[in-house]
Amino acid sequence: MTAAEEVKARTDIVDLISSEVALKRSGSTYKAPCPFHSERTPSFVVNPERQSWHCFGACSEGGDVFSWEMKRHNVDFREALRRLAERAGVELRPRTAEQQQQDERRERLLLANDAAMHFWRGNLHEPSIGRDARDYLQARGISIDAARQFNLGVAVSDSDALVHHLSARGHRLEDAEAAGLIISTERGPLDRFRDRLIFPIRNARSETVGFGGRTLIDEPAKYINTPESGLFRKRDILYGLDLARTAVRETGRVIIVEGYTDVISAHEFGTPNTVASMGTALTETQIGLLKPIATDVRLALDPDAAGQAAARRGIATAREALGAQQTVSTDFRRIGQLQQTLSNDIRIIPLPDGRDPDDLIRAEPDLWRELVETAPPFLDWLLDHVRGNHDMESPRGRSDYVAEVMPTIRTIGDAVLREEYTRRVAAYARVERGTLASDYAPPSSGRRRSGDAPVPQPARTRNRQQTFLLHLAIRHPGVREMFGLGDVELVEDSEDRIILNALADQPSASLDDVIALNPDVAERIRRLARDAGELPPYSDDDAAAAMADAIARIRKRRIKEGLRLKNQELQLTSSGARPDDAARAAALLDRGGTDAVDDPDLLQEALNMIQFRDEALRLHRPPDTPAPSTPA
């Protein structure tokens with residue numbers, strides 16, 4: 001995604017123009033007297049679906065957010081981009097020649113996707129070709145009007161139907177392959193999607209960036225998607241947002257479900273402010289798309305455990321990205337800590353056992369709407385949900401319940417909320433509130449008595465060359481496979497070793513997935529990701545070369561360090577003092593200072609031993625552990 005595309009995705013045209021012009025709702029659009037000429041009858045129209053504006057009066061001009069900014073403030077595109085980027089919080093960097101080539105290639109891939117979408121959509125409405133797909137849609141209760149609204153299509157069983165269609169229209173097959181539409185085989189290029197109902201996936205700007213395909217012949221892979229690429233990254237897209245944007249803005253509420261048909265059903269049955277995460281945990285990028293238009297986020301949980309775990313990860317991201325004073329941090333296996341209190345309203349829509357949103361919406365639309373309206377706040381849901389997983393009649397069950405929910409409750413930033421939820425947990429667990437408050441004091445309190453002086457925290461220092469390894473591994477996933485176990489152990493910092501190990505174990509994993517599986521180092525990962533943005537624009541080959549060079553330098557430094565420590569050890573063992581005498585003297589020095597040892601030679605050997613010990617500990621000490629002090 002280019003900087004201009006990111007700015008455009010994060011800027012809602014109604015919000016932008018209404019900050020300067022008084023817009024009035026008129027059907028699905030907004031109107032106002034044109035700000036560029038005098039008129040009595042409003043002819044200036046803003047279309048939120050298309051994210052465009054147009055004057056139907058004397059100006060007869062229009063465009064997108066950039067053209068508005070340019071005309072309104074009499075600036076060129078570069079300045080309009082700068083102003084809107086600052087407003088949207090997007091950092092700008094000069095476009096290199098390589099990036100410009102990437103932009104041109106991206107445009108070609110989008111054109112190939114559009115051609116494929118129109119081809120497959122036409123197939124669906126062909127009397128014979130699309131019959132099986134139409135029968136499936138009818139059985140699922142999806143109308144033809146809804147199929148047209150979401151541009152559904154069908155890929156036929158022919159292995160190269162799309163290949164011939166794209167070739168005949170002048171599209172490069174290498175572009176079609178890069179877009180994930182076709183695959184190369186020994187028999188030549190073949191269609192990726194065959195015998196499948198096609199769900200075009202569009203980004204917030206209504207660009208078709210990928211496709212999902214549902215088998216029509218019971219293949220083992222029920223759904224397949226366009227492969228991840230620079231054009232299509234599932235974690236950056238919310239399915240249906242291009243159609244839901246207006247309803248989300250009008251209500252201030254967004255409902256997030258999991259799948260394509262969940263969204264289509266919701267739109268057909270009266271909740272058009274619904275989007276889908278497409279089976280993944282919510283990411284910061286996805287929530288960033290909602291932030292300008294929604295303050296009320298409601299997550300529909302699947303009844304299965306995996307779906308609920310994914311939703312809990314989504315809660316974490318939503319609380320952080322929506323402008324939280326604090327955030328929830330969770331992983332796949334359990335609810336993590338509630339790090340900060342959120343001002344936005346996040347609620348959970350608990351689904352009945354065995355029901356997914358699509359089934360529930362079509363069978364009992366009134367019940368669905370009731371569940372949406374009565375969705376409990378996250379913390380209320382959390383306490384009740386976890387309570388149902390434990391035997392609350394047994395002491396062990398109540399203890400496990402406390403252990404699971406209190407790490408979340410203890411870090412609520414708001415003292416009133418923290419007190420209220422601590423009281424509720426104490427009541428459920430049948431213990432005194434004060435016991436929980438003492439055992440799970442908020443981190444900011446430091447668990448200090450009122451008369452105690454603050455304990456100074458040691459500064460956390462990290463080797464710059466070792467940090468550079470992480471920057472490269474984050475910015476260039478292709479180099480992650482270069483790490484062996486010995487290379488990871490070259491990194492001294494314990495947090496950084498955890499992160500590097502996770503990246504090396506899962507070279508293709510996104511940062512969101514790494515964070516979800518390693519919540520204790522989430523802040524460090526985010527900080528590294530921000531700093532990695534300052535790296536030079538390495539090519540993949542340059543990044544690999546830089547990684548190899550950095551590993552070699554660190555290894556060389558560690559060898560030198562080991563030789564120096566070995567020399568100290570040899571000097572110690574070759575001295576006149578017996579090792580056990582020196583050890584006892586070193587212990588005395590640790591307790592009483594240099595006055596505790598009278599023999600000057602023994603004193604020197606003991607000091608050498610302490611220095612050797614401290615140097616060895618420094619190489620392997622956890623970063624938060626203060627270094628031992630040498631006696632004065």
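Keep in mind that this is a model prediction, so the values were computed, not measured.
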Strictly distance-based, threshold 3.5 Å: is any side-chain N or O of [X] a donor or acceptor partner for the main-chain N or O of [Y]?
X: Asp15; Y: Asp12; value: no
X: Asn123; Y: Ala155; value: no
X: Arg245; Y: Ala204; value: yes
X: Asp160; Y: Val163; value: no
X: Ser26; Y: Thr29; value: no
X: Arg475; Y: Ala532; value: yes
X: Ser265; Y: Asp262; value: no
X: Thr271; Y: Thr274; value: no
X: Arg148; Y: Phe150; value: no
X: Arg298; Y: Val372; value: yes

Quick check: closest heavy atoms across [X] and [Y], and the distance to 0.1 Å?
X: Asp158; Y: Asp191; answer: O-OD2, 3.8 Å
X: Val65; Y: Leu84; answer: O-CD1, 3.7 Å
X: Arg192; Y: Gly180; answer: NE-O, 2.8 Å
X: Leu166; Y: Ala112; answer: CD2-O, 4.0 Å
X: Ala88; Y: Thr11; answer: CB-OG1, 4.0 Å
X: Gln51; Y: Ile13; answer: OE1-N, 2.9 Å

Is there a side-chain contact between [X] and [Y] in this structure, where contact means two heavy atoms from C-beta onward sitting under 4.5 Å apart?
X: Arg194; Y: Ser157; value: no
X: Arg196; Y: Glu219; value: yes
X: Glu20; Y: His73; value: yes
X: Leu81; Y: Phe66; value: yes
X: Leu109; Y: Leu111; value: no
X: Pro189; Y: Glu177; value: no
X: Leu290; Y: Leu241; value: yes
X: Ser18; Y: Tyr30; value: no

Would His125 and Arg121 satisfy side-chain hydrogen bond (donor to acceptor under 3.5 Å, both in side chains), going step by step from the backbone distance to the final call? CA-CA 7 Å; His125 300 287; Arg121 187 177 63 181; over 6 Å; no

Check Val21, Leu23, Leu16 against Val46 for a side chain to side chain contact (heavy atoms under 4.5 Å, CB included) and give me the one that passes.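 Checked Val21, Leu23, Leu16 against Val46; only one passes side chain to side chain contact (heavy atoms under 4.5 Å, CB included): Leu23.
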
Sidechain N-carboxylate O distance under 4.0 Å for [X], [Y]:
X: Lys71; Y: Glu61; result: yes
X: Glu268; Y: Arg362; result: yes
X: Glu228; Y: Arg233; result: no
X: Glu6; Y: Arg10; result: yes
X: Glu79; Y: Arg82; result: yes
X: Glu207; Y: Arg106; result: yes

So how far is it from [X] [atom1] to [Y] [atom2], rounded to the nearest 0.5 Å?
X: Ile198; Y: Tyr260; atom1: CD1; atom2: OH; value: 9.5 Å
X: Thr226; Y: Leu231; atom1: OG1; atom2: CG; value: 8.5 Å
X: Asn203; Y: Thr208; atom1: CG; atom2: OG1; value: 8.0 Å
X: Ile256; Y: Leu299; atom1: CD1; atom2: CG; value: 5.0 Å
X: Arg235; Y: Asp512; atom1: CZ; atom2: CG; value: 7.0 Å
X: Asp195; Y: Ile217; atom1: CG; atom2: CD1; value: 4.0 Å

For [X], is the [atom1] atom crowded, meaning more than 12 foreign heavy atoms sit under 6.0 Å from it?
X: Arg187; atom1: CZ; value: no
X: Glu250; atom1: CD; value: yes
X: Glu49; atom1: CD; value: yes
X: Arg50; atom1: CZ; value: no

For a side-chain contact (heavy atoms from CB on, under 4.5 Å) check, start with the C-alpha distance between Tyr136 and Arg214, then their side-chain angles and the critical distance, and finish with the verdict. CA-CA 11 Å; Tyr136 170 80; Arg214 202 269 187 204; 3.2 Å; yes

Measure from the ring center of [X] to the ring center of [Y] and say whether it is less than 6.0 Å.
X: His54; Y: Phe44; result: no
X: Phe36; Y: Trp68; result: yes
X: Phe199; Y: Phe211; result: no

Go through it in stages, so that I can follow the logic: the residues are Leu181 and Leu162, the test is side-chain contact (heavy atoms from CB on, under 4.5 Å), and I'd like the CA-CA distance, side-chain angles, deciding distance and then a yes or no. CA-CA 8 Å; Leu181 298 170; Leu162 182 62; 4.0 Å; yes

Take Trp368 and Phe269 through the ring pair (Phe, Tyr, Trp, His ring centres under 6.0 Å) test and state the conclusion after the steps. CA-CA 10 Å; Trp368 163 253; Phe269 285 82; over 10 Å; no

Might you work through the side-chain hydrogen bond (donor to acceptor under 3.5 Å, both in side chains) test for Asn273 and Arg253, ending with a clear yes or no? CA-CA 7 Å; Asn273 53 330; Arg253 174 190 296 175; over 6 Å; no

What do the steps show when you test Val45 against Trp53 for side-chain contact (heavy atoms from CB on, under 4.5 Å), and what is the final call? CA-CA 6 Å; Val45 177; Trp53 63 274; over 6 Å; no

Going through the checks in order, is the side-chain contact (heavy atoms from CB on, under 4.5 Å) test met by Leu110 and Val209? CA-CA 6 Å; Leu110 288 173; Val209 293; 4.0 Å; yes

